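A short worksheet on the structure shown next.
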Amino acid sequence: MKVPKVFLKPYNSKLVEERIYQLWEKSGYFSPDKIRSKKKFLIFLPPPNVTGSLHLGHALNACISDILIRFKRMKGFKTLWLPGTDHAGIATQNVVEKKLKKEGKTRFDLGKENFLKRVWEWKEKYGNVILEQLKKIGASCDWKRTRFTMDKNYSLAVKEVFRYLWNRGWVYRGKRIVNWCPRCQTSLSDLELEYQEEKSCLYYIRYPIKKKSDSKSQLLTDKDQTPKYLVVATTRPETMFGDLAVAVNQKDKRYRNLIGEKVILPIVKREIPIIADKRVEIEFGTGAVKITPAHDPLDYEIYLDLVSKKKSKEFQNLFLEIPRIIDDSARICEPAPKKYQGLKVKEVRERVVEDLKKQGLIEKIEPYLHKVPLCYRCHSKIEPLLKEQWFLKMEELKKVAVEAVKSGKIKFVPKRWERIYFNWLKNVKDWCLSRQIWWGHQLPIWECATNGSEKWEVGGEKGGKREMRVEKKYFFSLEKPKKCPICGKCQPKQVEDVFDTWFSSSLWIFGTLNWPKTKKEINFWLPSDVLCTAKDIINLWVARMIFMTIEICHKIPFRDVLIHPTILTKEGKRMSKSLGTGIDPMDLIKDYGADALRFGIIWQYQENQDLRWSNDAVIAGQKFINKIWNASRFVFFQFDKKISLNFKKKSLSKCDKKILKELKKTKERIEVLIESYKLGKALRVFYQFFWNKFCDVYIEEYKKLDLKQKEKSKIVLGYVLFESLKIAHPFLPFASEEIYQHFKKFLKKPKSKLLLIERW
RNA sequence: GCGCGUGUAGCUCAGUUGGUUAGAGCGUCUCGGUGACAUCGAGGAGGUCGCAGGUUCGAGUCCUGCCACGCGCACCA
């Protein structure tokens, strides 16, 4: 038989990949609906942000999942790899805002409605780029089931989950120091921060001590007297206008007798008490801390303690109102002195220090290295501000999450990542759900317009004290209410805040399975088999999916959590687009082909270690694919007529028996390795078998056989190649499928139209 | 400060429960177009296995300490 013209050397991915992918898609076998089987296998694609484009990390993730899915599909499982995208609240809003900025506009110029229109337009245009890129690397997702976190049904799921949590009494409006991004103009959760080292200063400021016996305040700054100051060390002198007290440790002998006395806050000359708190570290700075409840979480807690204990009754009147002296744009505001108002925090810091110096109130300034929190989306400096936000109580949910992993129902692979998970859950604070951006799911909470009294109560456990609003003012409603259920007469307004984007992500498992419209799919599909993801979203996403899915569906979301390594640059640095250290997988596909890229990624993928990317492995992949290609050509040249792959044991030569034995061993080993996610090793085992055993040894020995034996052995030749193609397919789907399409023509009775669905 | 990970050939990495001469890919060197394959074949060079101790008949592998790099968490007044 003639070898078809397209079967030319060398292998050319450009002539193959698109055509083959269409063949697969058209066949419908990416969908589970076409597969009849009692065994099922489900993987959820971690939904990439609509702002995203594929990087090597995504590619690694996709390769692993695709190998598992393809393997299981060939094993006869009803397989579903469910894809989708995440609306990615802040990230997406920022992208569109940046675009607007180029037009010289802000989102406020457009107004909410028009701005959201623009975001939707942007999403429709660019939101699916990453999914198209996934197709290029061969991902066999069921694209018909592609979901988006703001689909109609998904949005309903968000509301229904919230209703559930609301009815459980786990949602409350609380006052707390939140991480505020002055650029994005929103609160952020602790997990949405990045930290950066910053060289700054520790300022030692003298707070004059008010004389005890004096009824009138009198500053003790006369040079003749021994000046009596309480020296406070701070990195943020500009916040001093918000000070309500100075705290010392009761065990600190230096200050013990000062507790209960008062100091004069410099510049504004306000009297504030000296209080005791055990959280003040004696060794740090001077051992005296200024307490600024509106701008520091620890200070706020100390404040709450004082208020709730009512121990310090004499200070009560000082604590009526917490002065907030930094506004939402990180500028100094009232009640700070007029001269500083409207200026940026950093500028005021310098000015305050200057002013204090003039008054001789700066004792010393030390250089100080510390980490400052940044917004993980726009990298602006976070300003801790006292704010009212919506919180979700974590007490019960965290128990659920801990139990699921501790009991072994959910396993982390490698196991050591469990520690990260448990550690976070152990210390987790209530989840700040509300964001002050526009792009996202608006909270289904409504506000009664008539009942506006302020009633707050301090509650919560130790270390997690909070102020909670207790009076009836807000209520849950799925739709716009016709009548206010609280007062019965007003027209309630929906709260403007939207959900933390990770709140909607936490419902991914069941939101994508058409809950709440139906429970059928959940019952059929859950739990999924493995979640393949990166370590940086273990808490942000994985943990939250675990408790949410168990709480809502009473089923675990997945059995295994496969944490894959991070792909680093050759220098061991993080790949980043902005630093120009990123490598675009699409470029590699152009240069070497998708299979070569997949080979390169999986070849370098070892379970434990972050990998330093090297293109060499992709080159090796290209060579290997070409090797398979050429070996196949050789095999096909042997066929002068259609054959069947059934051989008789009697007719086998010595080398036939040997290679068949090796094949069997290889196949079994690879199966075990794939099942335990050791894909890099599996690929190497196959590589060695095919190249060293099959090509180098068996084919060479075959050539030496006499004509009569060759006639019998060519069936073995074909059989081993066929089996090899099957093994190769999950790893190198395009080339193996292309070769199979040619192979089919030489077979008397080809079982399947596609290698994709050949039985492993 | 606490914890985790890593350190093996020029580069990227394997190395099972301690057991001969420490492996692969890429690169490099020599030779070779011989029935698929030069994106190939045959062969070679290249390693004090981070450092220092210890356990052992025997350590890349186990223990202790140290060094270097990376990461996470806490503190961050």
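Order of the sequence lines fixes the chain letters, A, B, ..., with proteins taken first and strands second; residue numbering starts at 1 for each chain. Being a predicted model, the structure only gives us computed values, none of them experimental.
- You'll find the side chain of A:Ile267 reaches within 4.5 Å of the side chain of A:Phe241, heavy atoms only.
- Looking at A:Gln604, its side chain has no donor and acceptor atom pair within 3.5 Å of the base of B:A14.
- Both the sub-6.0 Å distance and the 45° axial angle are not jointly satisfied by A:Arg419 relative to the ring of A:Trp424.
- Look at CG on A:Leu611: it is 14 Å from C1' on B:A14, rounded to the nearest Å.
- Take A:Glu350 and apply the side chain to side chain contact (heavy atoms under 4.5 Å, CB included) test, not counting sequence neighbours, and it matches A:Lys346.
- Among the atoms of the strands shown, none is found under 4.0 Å from any heavy atom of A:Lys535.
- Taking atom C1' in both B:G10 and B:G5, the straight-line distance is 25 Å, to the nearest Å.
- Between A:Lys681 and the phosphate of B:C13, there is no side-chain N or O to OP1/OP2 separation shorter than 4.0 Å.
- Distances were taken from every side-chain heavy atom of A:Lys570 (C-beta onward) to each of B:U6, B:U12, B:C26; the shortest belongs to B:U12.
- Across all strands shown, the partner of B:G32 is B:C40, judged by Watson-Crick or G-U wobble contacts whose two distances both fall under 3.5 Å.
- Using the Watson-Crick or G-U wobble rule with both distances under 3.5 Å, B:C75 pairs with nothing in any strand shown.
- B:C4 is paired with B:G70 under the Watson-Crick or G-U wobble criterion, all donor-acceptor distances under 3.5 Å.
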Once base and sugar-phosphate atoms are separated, protein heavy atoms under 4.0 Å mark nucleotides 72-77 of chain B, 5' to 3', with B, S and - as SSB-BB
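- At a threshold of 4.0 angstrom between heavy atoms, the contacts of A:Glu197 with the nucleic acid are absent.
- Remark: A:Lys364 qualifies as a cation-pi partner of A:Tyr204 under the 6.0 Å distance and 45° angle criteria applied to the six-membered ring.
- Using modelled atom types and a 3.5 Å distance limit, the side chains of A:Lys290 and A:Thr292 yield a donor-acceptor pair.
- Per the geometry, CZ belonging to A:Arg612 stands 12 Å off P belonging to B:C69, to the nearest Å.
- Pairing partner, B:G65: B:C51, with both Watson-Crick or wobble hydrogen-bond distances short of 3.5 Å.
- Taking atom C1' on both nucleotides, B:U16 is separated from B:U61 by 10 Å, rounded to a whole Å.
- Taking atom NZ of residue A:Lys678 and atom C1' of nucleotide B:C13, one finds them 17 Å apart after rounding to whole Å.
- A:Phe743 places its CZ atom 14 Å from the C1' atom of B:A36, with the value rounded to the nearest Å.
- The closest side-chain heavy-atom distance from A:Asp536 to A:Trp541 is not below 4.5 Å.
- The separation between A:Asp595 atom CG and B:U39 atom C1' is 15 Å, rounded to whole Å.
- Taking atom C1' in both B:U8 and B:G50, the straight-line distance is 10 Å, to the nearest Å.
- Base-pair partner of B:C57: B:G19 (Watson-Crick or G-U wobble, both distances under 3.5 Å).
- Projected onto RNA chain B by closest heavy-atom contact, A:Trp613 and A:Asn626 fall at different nucleotides, the more 5' of which corresponds to A:Trp613.
- Of the P atoms belonging to B:G60 and B:G54, the separation is 15 Å, rounded to the nearest Å.
- Remark: B:A45 base-pairs with no nucleotide; criterion is Watson-Crick or G-U wobble with both hydrogen-bond distances under 3.5 Å.
- Contact between the side-chain N/O atoms of A:Lys623 and the OP1/OP2 oxygens of B:C37 is not found at any separation under 4.0 Å.
- When the C1' atom is used for both B:U30 and B:A38, the distance is 16 Å, rounded to whole Å.
- When the nucleotides B:C26, B:C37, B:U39 are ranked by their closest atom to the side chain of A:Asn630, B:C37 comes out on top.
- Backbone-only contact: A:Trp603 has heavy atoms under 4.0 Å from sugar-phosphate atoms and none from a base.
- Straight-line distance from the NZ atom of A:Lys627 to the C1' atom of B:A38: 11 Å, rounded to whole Å.
- When both pairing distances are held under 3.5 Å, B:A24 makes a Watson-Crick or G-U pair with B:U12.
- Here A:Tyr11 lies out of heavy-atom contact (under 4.0 Å) with every strand.
- A:Asn630 and A:Tyr11 share no side-chain donor-acceptor pair at under 3.5 Å.
- Within the nucleic acid shown, A:Gln606 comes within 4.0 Å of sugar-phosphate atoms alone, with no base atom in reach, counting heavy atoms only.
- B:U6 and B:C62 are spaced 11 Å apart, taking the P atom of each and rounding to whole Å.
- The residue A:Lys710 sits close to a base: some heavy atom pair falls under 4.0 Å.
- No hydrogens or angles considered: nothing links the side chains of A:Tyr687 and A:Asn692 as a donor-acceptor pair under 3.5 Å.
- To the nearest whole angstrom, the two C1' atoms, one in B:G46 and one in B:G25, are 15 Å apart.
- The cationic group of A:Lys406 lies under 6.0 Å from the six-membered ring centre of A:Phe422 and within 45° of the ring axis, placing it in a cation-pi geometry.
- With respect to A:Arg236 and A:Glu238, a salt bridge is recorded, a charged nitrogen being found less than 4.0 Å from a carboxylate O.
- Look at CG on A:Asp616: it is 16 Å from P on B:U39, rounded to the nearest Å.
- For the P atoms, the distance linking B:G27 with B:C57 amounts to 46 Å, nearest Å.
- Atom CZ in A:Phe412 sits roughly 16 Å away from atom P in B:G5 (whole-Å rounding).
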